[in-house]
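Both counts, for ligands and for their atoms, begin at 1 and track the order of listing.
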Amino acid sequence: MSDISKALEAIRRPLEYAASSPQAAQRVRNLDVLIARQARELRRRGVDPEVQLALNELTSSLVGLEKLDQDERMLRLRRALRILDRLSPSAPAIQAAPEPVLVKPQPKPAPQSAAALDESIQFVKGVGPKVAQLLARRGIETVGQMLMLLPRAFDDRRLITAVEQLEPGERATLVLNVLEAMPKMRARGRPMYKVRAGDDSGELTLAWFNVPAYIPQVVRPGIRLVVTGEATQFRGGLEIHHPDIEPIDEQTEVGPSLHYGRIVPIYSEIEGLSKKRLRRILDSALDKVRGKVPDPLPLRLRERLGLLDLGLAIEQAHFPPEDEDPEKLRRMATAAYRRLIFDELFSLGLGLALSKRDLQRRPGIAFKIKTPSPSRLLEQQPFVLTAAQRRVLEEIQGDLRKPVPMNRLIQGDVGSGKTILAALAALSVIDNGYQAALMAPTELLAEQHAKRLSAQLAQLGLRAALLTGSVRGPERKRILSELRGGLIHLLIGTHALISQGVEFKRLGLVIVDEQHRFGVGQRAALSGKGTLPDVLIMTATPIPRTLALTLYGDLDISLLDEMPPGRTPIKTELVTKRGRAKLYRRIRAEVKAGHQVYLVYPLVEAAEDSDLADATASCEQLERKELKGLRLGLLHGRMKPAKKESVMRSFVAGKVDVLVSTTVIEVGIDVPNATLIVIEHAERFGLTQLHQLRGRVGRGEQPSSCLLVVGGAPGENAEQRLRVMVETTDGFRISEEDLALRGPGQFLGTRQSGLPDLRVANLARDVKLLSLARDEALRLVREDPQLAAAENRPLARLVKQRWGEGLGLGSIG
Ligand code: ADP
Ligand code: MG
């Protein structure tokens, strides 16, 4: 192997791994840096200009990879691989061909039946090597993948409107003769093209601004066109700007075609491929598979639920039947979409059910729970448990007794009292001679837990220890050895707890606080530690039921739906620009009364062209001006951990009056003396996030307030959205609202949420189908836990293909 091909191979391996799945892509760090380094090295050794160029392309296509969203990242990775293919001397066929043959026909070990969908897209009429290359950039290489490129909208072109019937503002389809061209006009310096066109009933003008080169060639006098667009009134006549046009062949009459006389699919354009081109390709792709699409759903199920046959559903998802209701199409509520959405949610439900079943078949620890419950700890508390806490505690203890691993999620709003439940669960396990671990999402929170729980456990003669990334050296060593020796009963920390080198003597229970930061994969890593401990997950993000079913379908869920008594509700107000002066007076008054204040900003430092207030600059200015004389502290995510902690500690100790911060204070921080939180640019935050932030106050006896400052000129939408915060403190209502407004992708922040990546279904919209699919999945797994029956085997394959990696499913298929 030459040096160059060796270096190329060194680039290829990590790239191939990263491109193998979104999960893998996320796992690989600094790929861009690594590859840039290799490329630089190659260039240094001297390579052809052509290779040089390709290397440049390769490195630039990977710049900033980790910051991209998943789709874009996968796209870039695949593109990079193709560039590499071009470079690699081991692929001579590719270099010899005038146009690279990028999609090689696959040898076919696959079962005969799926063959039609798995066939290379190149065999579809209208797809040459060039088009295949464009499609491959979008990850489309087979006919099946092509067919999953669903329209983003539909245009109802069933009716042909006559010019005299056309109303301004109306979108319509007409058949027109082009009468006269007015080619030399310009609008604001840009070329413009206008023609007069008409039918028997009248005339109008078609106009293109910034005219595409092909338009004057196609739209010339004497030509007949099908025209779709919206009419506008202009100087006494009607005009249609940038209409969608389709020339009619002289011979053919107006009648059904792909592009008019029917409900027409509109695809998001793929670079280099027009909507119309895509429509034609999809039509040919459908031709290829018609009657050959195997249906993985058992016939009985399909009939019982009234679901369309898969092949038909795919066809109608692109080209709806003549009598389809356009309104239903708009809502993706047609029979065709119902079937596709069901499939996606059903396979997800099956995946989750199977992974839950997998877990329940593994041996767990059957703890003995003394009743009444670990009352020694409860006796220390200045309160009695609420009814909801008692109920959830019983659910937890029920799980602990069972000989299978617990996998339970406690969902309870901010301040609902989850920590004491965690402590009680830990104590039950410790009483049985086991150890427990408590994981928090930040060091700050871990520290807070450790401080409280160590004191409480110490009174019972038990030991808790704190282990985070910043515990190092001899102290770390000592903790690790005591842990192995069984001298530490409860270990508290961040996810450094599941890092290597942390060994327990006898781990019985893992508790995860603030679960929404942990994805499915991390849950798997947890269970891998020791001999299958029980797992208890606590989340303060009140996830709507529909979403919880999907996110946590593999967990049992406990709802902590009652607040401890005696809380004074937080008063929330919207503050607009004019209320600013009053704002600072409020802050001063609060501090004068001996209380503390949070002041939250959306950014750390202002981006250059952004007018968002930012924490750093604001803190400086406030210190000099508006809040002169008060003790201010600055806290943000980019500060060193040690610095962060010292600021936070000062605030906890009451040495800082006003904590100016970003959202780092979002979860879990508990400073009861803080009674006012001011959130700048509140419109920039999601409702759920605002709810979390607001939960930082109202934690003591004093009445608390939350001021949402609306910056800039918010749309009506923003204010209306924020109204919800004023009206309610019910986290579940807020999260339902948030989900409906922002959609599931934005809801929890895609990156951390572990939210499954859905293609057709929409969790906010398809609520009913979601429960149906889940119920059916549970029923099927109950009937056939292995999905081993002949009629279920295609389903098993489908589930594994679609969700196998994400859910760590090994045992099926
Ligand atoms: P979260 O669910 O947000 O983690 P915590 O566990 O931190 O809430 O509890 C919030 C506060 O409520 C704590 O100060 C805790 O001691 C107190 N608390 C918990 N349970 C009760 C109860 N049953 N009655 C009164 N106060 C309670
Ligand atoms: Mg908590």
Of the side chain and backbone of Q381, name the one, both, or neither that has a heavy atom under 4.0 Å from an atom of ligand 1. neither
Enumerate the atoms of ligand 1 whose separation from the nearest heavy atom of T419 is less than 4.0 angstrom. 4 (O), 5 (P), 6 (O), 7 (O)
I'd like the name of whichever of G417, A387, P382, S416 reaches closest to atom 9 (O) of ligand 1 through any heavy atom. G417
Could you check whether Q381 and Q456, counting side-chain N and O atoms only, form a donor-acceptor pair closer than 3.5 Å? yes
Note: D513, heavy atoms under 4.0 Å from ligand 1, region reported as neither
Taking atom types as modelled, is there a side-chain donor on Q702 or T675 under 3.5 Å from an acceptor on the other? no
Checking side-chain polar atoms at under 3.5 Å, does H691 have a donor or acceptor matched by the opposite partner on Q689? no
Which one holds for L560 and ligand 1: side chain close, backbone close, both close, or neither close, with close meaning a heavy atom under 4.0 Å? neither
Report the residues that fulfil salt bridge (Lys or Arg N to Asp or Glu O under 4.0 Å) with E590, sequence neighbours left out, ordered by chain and then residue number. none
Is there a polar contact between ligand 1 and K418, counting only N or O atoms under 3.5 Å apart? yes
Could you tell me whether some N/O pair between P564 and ligand 1 is separated by less than 3.5 angstrom? no
Just jot down the salt bridge (Lys or Arg N to Asp or Glu O under 4.0 Å) partners of E394, sequence neighbours excluded, or say none. none
Does the D738 side chain pair with the main chain of T688, one donor and one acceptor, at a distance under 3.5 Å? yes
Taking 4.0 angstrom as the limit and counting only heavy atoms of T386, give me the atoms of ligand 1 inside it, by number and element. 23 (N)
Has ligand 1 got any nitrogen or oxygen that is less than 3.5 angstrom from a nitrogen or oxygen of P565? no
V384 versus ligand 1: do any nitrogen or oxygen atoms come within less than 3.5 Å of each other? yes
Quick one about T572 and R694 (side-chain donor to acceptor, distance below 3.5 Å, no hydrogens or angles considered), yes or no? yes
Is there a heavy atom in G412 that sits closer than 4.0 Å to ligand 1? no
Residues, nucleotides or ligands: over 12 heavy atoms within 6.0 Å of R478 CZ: yes
